[in-house]
Amino acid sequence: NGKGSVCAFLDAILRAAGKHTGLYISPFIHRFEERIQIDKTPVSLDEIATYIPQLQAAELSLYAQTGERAGHFELLTVLAYLLFAAHSCNAVVLETGLGGRLDPTNLCEPALCIITHIALDHTEQLGNTHMAIAAEKAGIIKPNVPVVIYPQQTNAAMQTLLSKDKELRATAILPDIHKAQLLHADADGLQFVYQQQRYETKLCGLYQMYNALCAITAAQHLGIPNKAIVQGLCEASFPARFETISRMPRVIFDGAHNADGLYALRKTIDCYFTRPLIGICAMLRDKDPQTALSCMLDPERFQCVFCLT
């Protein structure tokens, strides 16, 4: 959890530093083109269409040589690489799709990697323990490449990540949460101090301070000036992350879809609102909605919760 938010933070920071950025995320929220962005602007469907013949030819060649078909996400990742090259992006932020070790984004040679908070999700593909999932996530760690690790992991996940880091002689970097202090938080934004520097962000879930610390730490290690880091965090935006879509009445849209994410959502709700709310939740059945929603089914917090699966 937190991959998309950290990508949004880092992309905004890099743009504030004058970089010409490419951003690759999954899934999209409103429209397909959001998956591939150039300087925060989604590429057009017309531009995507010009690459379809090239992708088709490559996929047919793959099948002819190996008998294997490229999947949707593999083709989409190739498309992103082609577009970032065509636009001469000099800084690219890639969000892994599933796991890390076998993810097509892992073909890149990164300047830096970030591993965010590891939760039990996609367990059929990645394993049903934090250790197993962490091992898949650790697959993005490269020899001699620095890796920023979200500081609040389970012991099993953290030990797995640090062990892989040591094996590959990478450089593990953990944000120092003891140097972070939350100053103000409400449904419109966060203000916090980290390493004696004040930051603000419109991404307002309580958990976003820790996501921001990962982005700040990565940017510092990449040599981004502090002024750009402050500006980027302030300008960063990302849909469906405790997003207000109406103020009268207040309507919040959030993409939490597993137990870990919904627990973080519940903590934010408890902090920002006092009266009982109305909840509407929809998720795929493979997300184990009964377990995920257990922290939400509380009459003191919700008048009622409508669930669609």
Under 4.5 Å between any side-chain heavy atoms of Phe192 and Leu213, yes or no? yes
Tell me, do Glu34 and Arg31 make a side-chain contact under 4.5 Å, heavy atoms counted?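 SC-SC contact between Glu34 and Arg31 confirmed.
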Verify side-chain hydrogen bond (donor to acceptor under 3.5 Å, both in side chains) between Thr105 and Asp103, making sure each step is shown before the conclusion. CA-CA 5 Å; Thr105 56; Asp103 195 83; 2.5 Å; yes
Only pairs at least two apart or in different chains count here, so list each side-chain hydrogen bond (donor to acceptor under 3.5 Å, both in side chains) that has a residue in [range].
{"range": "residues 150-179", "value": "none"}
{"range": "residues 231-250", "value": "Asp188-Arg247, Asp188-Arg250, Gln231-Glu235, Thr244-Arg250"}
{"range": "residues 74-84", "value": "Tyr24-Thr77"}

Looking at [X] and [Y], would you say the former's side chain and the latter's main chain have a donor-acceptor pair under 3.5 Å?
{"X": "Asp260", "Y": "Ala119", "value": "no"}
{"X": "Asn106", "Y": "Gly139", "value": "yes"}
{"X": "Glu68", "Y": "Tyr63", "value": "no"}
{"X": "Lys40", "Y": "Ile38", "value": "no"}
{"X": "Thr268", "Y": "Ala264", "value": "yes"}
{"X": "His87", "Y": "Leu82", "value": "no"}
{"X": "Thr96", "Y": "Leu98", "value": "no"}

When you measure from the centre of the six-membered ring of Phe28, is the NZ or CZ of Arg35 under 6.0 Å away and within 45° of the axis?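 So Arg35 doesn't make the cation-pi contact.
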For the rings on Phe242 and Tyr272, is their centre-to-centre separation under 6.0 Å?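 Aromatic pair counts; centres sit under 6.0 Å.
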Could you please spell out the steps behind the side-chain hydrogen bond (donor to acceptor under 3.5 Å, both in side chains) verdict for Thr21 and Asp11? CA-CA 7 Å; Thr21 66; Asp11 177 71; 2.8 Å; yes
Do you reckon Phe273 sits in the same ILVMFWY cluster as Val305, going by side-chain contacts under 4.5 Å, direct or chained? yes
Can you hop from Leu62 to Leu76 via hydrophobic side chains spaced under 4.5 Å? no
So Ser5 and Gln208, side-chain hydrogen bond (donor to acceptor under 3.5 Å, both in side chains) or not? Walk me through it. CA-CA 8 Å; Ser5 295; Gln208 292 293 9; 3.0 Å; yes
Is the closest side-chain donor-acceptor distance between Asp39 and Thr41 under 3.5 Å?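 No, no side-chain donor-acceptor contact under 3.5 Å.
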